[in-house]
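See structure below.
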Amino acid sequence: MKIKIGLAAAAVVFAAGCSSMGVEPWERDILAREDMQMTTDEAEAVTDEHIYFSKEASSGGRGFGGGGCGCN
Amino acid sequence: MSKKDNRSISAALAMATCSLLGSGIPAPVDAQEEPEWDFNTSLLYYGEDGDRVKDYSVKAIARRMFVDDRVLSLSMTVDSLTGATPNGAIRQDTAQTFTRPSGNAAYDVQSGVLPLDDTFLDTRVALTANWQQPVGETSLVNVGASASKEYDYTHFGVNAKIARDFNKRNTTLAAGIALSIDSLDPVGGAPAPLTPMLDVGDTSNRIGNQDKDVLDVVLGVTQVVNRNLVVQANYSYSKSDGYLTDPYKVLSIVDGTTGDTLLRTPTPGVEGPSHQVLFESRPGDRTKHSVYTQAKYYMNGKVLDASYRYMTDDWEIDSHTVDLRYRWPVGEDRYIEPHLRLYTQSEAEFYRLSLVDSDPLPVFASADYRLGNFDAVTAGAKYGWKTSNDNDMSVRLEWYRQSGSVPAAQVVGNQATRDNYPDLNAVILQFSYRF
């Protein structure tokens with residue numbers, strides 16, 4: 001319960017802080033560009049995740065932790 | 001405010017925006033628009049220097065858009081792996097013989113050479129399916145499933161993610177969960193941890209198939225800062241349970257003074273290991289925490305993509321990853337994108353170069369270089385262009401280099417004169433075509 005209240009409080013503080021940032025709906029021309037998406041090339045992102053999962057001890061972060069592979 | 005009011009305000013805003021942009025009023029979207037497929041395909045070559053791992057990979061991601069922003073994504077990847085990988089044993093000034101993982105044959109390693117198991121040969125097929133759809137005005141739900149099969153490994157997974165927009169869609173909170181149920185069927189059967197590599201034909205220390213479950217949870221926030229900058233922060237939790245040991249990796253048993261691997265005599269008339277090595281042993285669970293931050297910044301046509309990840313786990317591995325990409329337009333419909341990735345990790349608490357025969361046997365030990373202390377750099381670039389029929393094509397070429405070191409306290413006797421952690425160099429070449 002305490003955790004839930006803490007999370008709710010954090011969310012309220014965060015939302016209040018974020019509400020002062022941002023753009024109006026008609027100012028999204030640049031943000032809508034394909035090269036401004038958080039993942040611009042899904043095939044490349046998945047490939048990299050797979051390579052580094054196989055060769056290093058870390059994985060994930062951007063999304064789920066990769067895996068599903070006997071390579072590590 | 002009723003939905004109808006909302007819609008009329010949205011329509012008025014859209015008209016005002018279009019007027020400002022001078023593009024006029026758009027034609028109304030046909031609600032019965034035909035669904036469309038688009039494809040993202042790629043061909044990958046990953047090659048390590050020497051006789052080490054090579055991977056040829058073909059990937060296709062198909063996406064079908066339905067009305068009301070519903071999206072079905074299907075993907076298929078086929079990997080063909082060949083080459084040799086370090087088996088974990090250390091170099092010796094004499095030739096070494098090892099039993100192959102199958103237990104059916106032996107292989108020799110020249111003196112002074114890092115022991116590589118050259119039977120690494122596999123084909124992997126991976127499939128994923130995802131369904132995404134809006135829920136209400138501001139939320140997006142995504143559910144998916146994945147499966148993959150390779151000779152000695154099978155994976156099944158399910159995942160779900162929900163994202164909700166706030167503050168005029170400037171803030172997005174997201175939460176996701178993924179569950180993976182994997183089974184290992186190692187060639188020759190998984191060996192019991194910390195048991196010796198045996199003669200050819202002796203399978204008395206094999207314990208058969210093993211399982212592994214992984215739970216991943218991701219919580220994230222994406223925030224539009226201004227017209228040119230969007231940032232993201234994620235926290236990820238990952239818990240693995242089950243058989244996390246690499247069934248093909250071993251450790252050398254060495255003399256406490258010379259650091260040389262102890263000799264072993266195979267049963268007369270039978271091939272077998274020339275030196276004493278034990279199969280590795282890792283804990284049966286692992287908990288990872290990571291924090292990932294990313295920023296996309298638009299600068300007069302150029303886009304900087306910068307991210308940083310910190311990961312820590314209960315195997316005492318800490319890692320830092322910095323990834324920088326800079327997309328630079330060349331003319332109307334071409335770009336070049338340099339890429340630099342810097343990575344560093346500390347070794348797992350049970351990482352050992354070798355095991356000293358007079359010391360008590362630890363419960364967990366691995367000489368897997370991927371659990372060692374190393375730095376890695378990836379550097380390269382991608383070149384992308386629009387084809388004559390307006391599709392996207394790109395090629396990227398990158399170099400990956402891993403340089404590690406063994407903690408000085410673990411280096412015994414003659415080991416100090418040998419390269420215990422040779423660099424790994426690899427080339428990544430990928431062609432992508434989107435249509």
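In what follows, every chain begins at residue 1, and chains take the letters A, B, ... in the order their sequences are listed.
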Please look at B:Ile177 and chain A and tell me whether the side chain, the backbone, both or neither of the residue comes under 4.5 angstrom of a heavy atom of that chain.
backbone
Between the main-chain N or O of A:Met38 and the side-chain N or O of B:Gln294, is there a donor-acceptor pair closer than 3.5 Å?
yes
Answer with side chain, backbone, both or neither: which region of B:Asp392 has an atom nearer than 4.5 Å to a non-hydrogen atom of chain A?
side chain
Sequence neighbours excluded, which residues qualify as side-chain hydrogen bond (donor to acceptor under 3.5 Å, both in side chains) partners of B:Asn228?
none
Go through A:His50 and B:Asp79 one step at a time and tell me if the side chain to side chain contact (heavy atoms under 4.5 Å, CB included) criterion holds.
CA-CA 11 Å; A:His50 188 64; B:Asp79 285 296; 3.9 Å; yes
Closest contact, heavy atoms only, B:Leu371 versus A:Ala57:
CD2-CB, 4.3 Å
Answer whether the closest heavy-atom distance between the side chains of B:Arg169 and A:Leu31 falls below 4.5 Å.
no
Carefully, step by step, assess B:Arg341 and A:Asp48 under the rule salt bridge (charged side-chain N to carboxylate O under 4.0 Å, His left out).
CA-CA 11 Å; B:Arg341 179 183 185 272; A:Asp48 280 357; over 6 Å; no
Check whether any side-chain heavy atom of B:Val53 lies under 4.5 Å from a side-chain heavy atom of A:Lys55, and answer yes or no.
yes
So which of A:Arg28, A:Glu24, A:Gln37 has the largest heavy-atom pair count under 4.5 angstrom toward chain B?
A:Arg28
Using only atom types and a distance under 3.5 Å, with no angle test, would you say the side chain of B:Arg370 pairs donor to acceptor with the backbone of A:Ser54?
yes
Heavy-atom closest pair, residues A:Ser59 and B:Met311:
N-SD, 4.5 Å
Engaged part of B:Val225 at the chain A interface, taking heavy atoms whose separation is under 4.5 Å
both
Separation between CZ (A:Arg62) and OG1 (B:Thr321), nearest 0.5 Å, reads 11.5 Å
Check each atom of B:Gln232 against the heavy atoms of chain A and say whether the ones under 4.5 Å are side chain, backbone, both or neither.
both
Give, as side chain, backbone, both or neither, the part of B:Tyr46 having an atom under 4.5 angstrom from any heavy atom of chain A.
side chain
Excluding sequence neighbours, so at least two apart, what forms ring-ring contact (aromatic ring centres under 6.0 Å, His included) with B:Tyr343?
B:Phe374
Could you check whether any side-chain heavy atom of A:Val23 comes within less than 4.5 Å of a side-chain heavy atom of B:Lys168, counting everything from C-beta outward?
no
Choice from B:Ile317, B:Val291, B:Val230, B:Asp313 maximising heavy atom contacts with chain A below 4.5 Å:
B:Val230
Note: vs chain A, highest number of non-hydrogen pairs under 4.5 angstrom among B:Glu337, B:Lys161, B:Lys382, B:Glu398 is B:Lys382
OH (B:Tyr151) with more than 12 external heavy atoms under 6.0 Å
no
dist A:Glu44:CD -> B:Ile428:CD1 (nearest 0.5 Å) comes out at 9.5 Å
Looking at B:Tyr310, I'd like to know if its OH atom is crowded, meaning that more than 12 non-hydrogen atoms belonging to other residues, nucleotides or ligands lie closer than 6.0 Å.
yes
Contact leader toward chain A among B:Val231, B:Val303, B:Leu229, where contacts are heavy-atom pairs under 4.5 Å
B:Val303
Go through the atoms of B:Arg227 and report whether side chain, backbone, both or neither lie under 4.5 Å from a heavy atom of chain A.
both
Run the numbers on B:Arg63 and A:Glu42 for side chain to side chain contact (heavy atoms under 4.5 Å, CB included), then give the verdict.
CA-CA 12 Å; B:Arg63 184 167 286 124; A:Glu42 192 182 341; 2.5 Å; yes
Is there side-chain contact between B:Arg325 and A:Thr40, with heavy atoms separated by less than 4.5 Å?
no
Is there a side-chain contact between A:Asp41 and B:Ser432, using heavy atoms and a 4.5 Å cut-off?
yes
A:Gly60 backbone acceptor or donor facing B:Arg309 side chain under 3.5 Å
yes
Heavy-atom side-chain contact between B:Asp305 and A:Asp35 under 4.5 Å
no
Check whether B:Ala376 gets within reach of chain A through its side chain, its backbone, both or neither, counting any heavy atom under 4.5 Å.
side chain
Polar side chain donor-acceptor pair, A:Ser58 to B:Gln345, under 3.5 angstrom:
no
Side chain, backbone, both or neither: which part of B:Leu44 has a heavy atom under 4.5 Å from chain A?
side chain
